[in-house]
Amino acid sequence: MRPNLTKRRLRAGGPAIGTFCVTASGLVAEALGVEGFDFVTIDLQHGENNLGNLSPMLQAVSITQATPLVRVPANMPVYIQRALDLGAYGVIVPLVNTPEDAAAVVASVRYPPAGARSWGPVRGMLYGGTDYFAGAAEELLTVVMLETAQGVQNARAILDTPGIDACFIGPNDLAVSLGYPPQEPLPPAVEEAIAEIRSAAEAAHKIAGIHVFTPRDVERRLAEGFRFIALLHDMRMLRAAAAEAARVVKH
Ligand code: 3PY
Ligand code: MG
């Protein structure tokens with residue numbers, strides 16, 4: 001099966017730095033991949049994408065060196081299994097709050113006997129190869145989002161769940177769950193919760209991940225021990241560049 005370069009980097013102890021794509025444009029997804037990110041995550045939770053347009057979005061990422069990942073809209077077998085069937089090389093599952101939630105994620109990713117995924121990788125096999133069944137557990141990346149107060153409380157148990165490769169912190173939802181509006185920089189209580197999750201990941205020997213919104217924060221989080229880092233998404237990049245360009249407009 002085609003190697004998952006992002007998973008291999010993480011397994012080897014290195015960082016993987018990628019981004020998200022929220023617009024439904026294959027052109028944009030391809031551009032993100034071409035620019036050198038380790039992974040591009042097609043976002044089905046927020047933004048324009050859905051199962052109906054996912055196949056061409058994944059095709060666009062797949063012609064670059066970036067690993068194609070999908071953030072599913074919810075922890076439901078239909079989303080996780082269909083994203084993988086269409087060629088996602090890993091899933092990022094939002095709002096995982098309990099070890100039972102984590103076990104459900106693994107059951108959707110893994111074929112029996114380890115899980116309950118149904119066979120039918122229509123495009124997954126085109127991208128992954130004819131030995132998809134034999135290699136799927138090894139190559140597909142399983143990431144759970146810890147982004148609620150309950151998720152922080154249960155972080156160690158969630159990360160101890162067999163089959164979970166990494167956690168990914170959503171700082172905005174985490175702030176909201178802890179009683180703050182989404183904001184940058186994050187309030188100290190949110191930073192404390194982030195540090196708690198990172199410690200839990202370290203204790204569980206799992207990879208810690210987080211979404212960041214400035215290149216400087218990539219450096220900061222790497223120094224803290226995070227290794228699976230997403231920087232920005234296409235709309236934020238576009239708006240920042242557009243705002244910078246529009247500064248020339250004086251009236
Ligand atoms: C959050 O910040 O809540 C996220 O989900 C970022 O991806
Ligand atoms: Mg979130």
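All figures in this text were calculated on a predicted structure; none of them were measured in a lab. In each ligand, atom 1 is the first atom listed, and ligand 1 is the first ligand listed. Quick note: numbers below take in every heavy atom, side chains included, and nothing from hydrogens, waters or symmetry partners.
Salt-bridge formation is not detected for the pair Arg11/Glu139: no Lys NZ or Arg NE/NH1/NH2 atom is positioned less than 4.0 Å from an Asp or Glu carboxylate oxygen.
In terms of protein heavy-atom proximity, atom 2 (O) of ligand 1 is closest to Asn172 N, 2.7 Å. If you check which protein heavy atom lies closest to atom 1 (C) of ligand 1, you get Gly170 CA, 3.2 Å. Counting protein heavy atoms only, atom 5 (O) of ligand 1 is closest to Arg71 NH1, 2.9 Å. Distance from atom 6 (C) of ligand 1 to its nearest protein heavy atom, with residue and atom name: His211 ND1, 3.2 Å. Protein heavy atom nearest atom 3 (O) of ligand 1, with residue, atom name and distance: Asp173 N, 2.8 Å.
Within a 6.0 Å sphere centred on CZ of Arg227, heavy atoms belonging to other residues, nucleotides or ligands number more than 12. Atom OH of Tyr132 has more than 12 neighbouring heavy atoms from other residues, nucleotides or ligands inside a 6.0 Å radius. Counting non-hydrogen atoms of other residues, nucleotides and ligands closer than 6.0 Å to CD of Glu202 gives a total of 12 or fewer.
Between His46 and ligand 1 there is no heavy-atom distance shorter than 4.0 Å.
In terms of polar-atom proximity, Glu147 is counted as a contact of ligand 1, with an N or O under 3.5 Å from an N or O of the ligand. For a threshold of 3.5 Å applied to N or O pairs, the pair formed by Phe168 and ligand 1 contains no separation below that value.
Judged purely by distance below 3.5 Å, without hydrogens or angles, the side chains of Asn97 and Thr148 pair a donor atom with an acceptor atom.
Other cluster members for Val143: Leu10, Phe20, Phe39, Leu69, Ile92, Leu141, Met145, Phe168, Ile207, Phe228, joined by side-chain heavy-atom distances under 4.5 Å among Ile, Leu, Val, Met, Phe, Trp and Tyr.
The one candidate from Ile194, Leu174, Leu146 that meets the side chain to side chain contact (heavy atoms under 4.5 Å, CB included) condition with Ile210 is Ile194.
When distances from the Mg ion (ligand 2) to the N, O or S atoms of Glu147 are compared, OE1 comes out shortest. In Asp173, the N, O or S atom that comes nearest to the Mg ion (ligand 2) is OD2.
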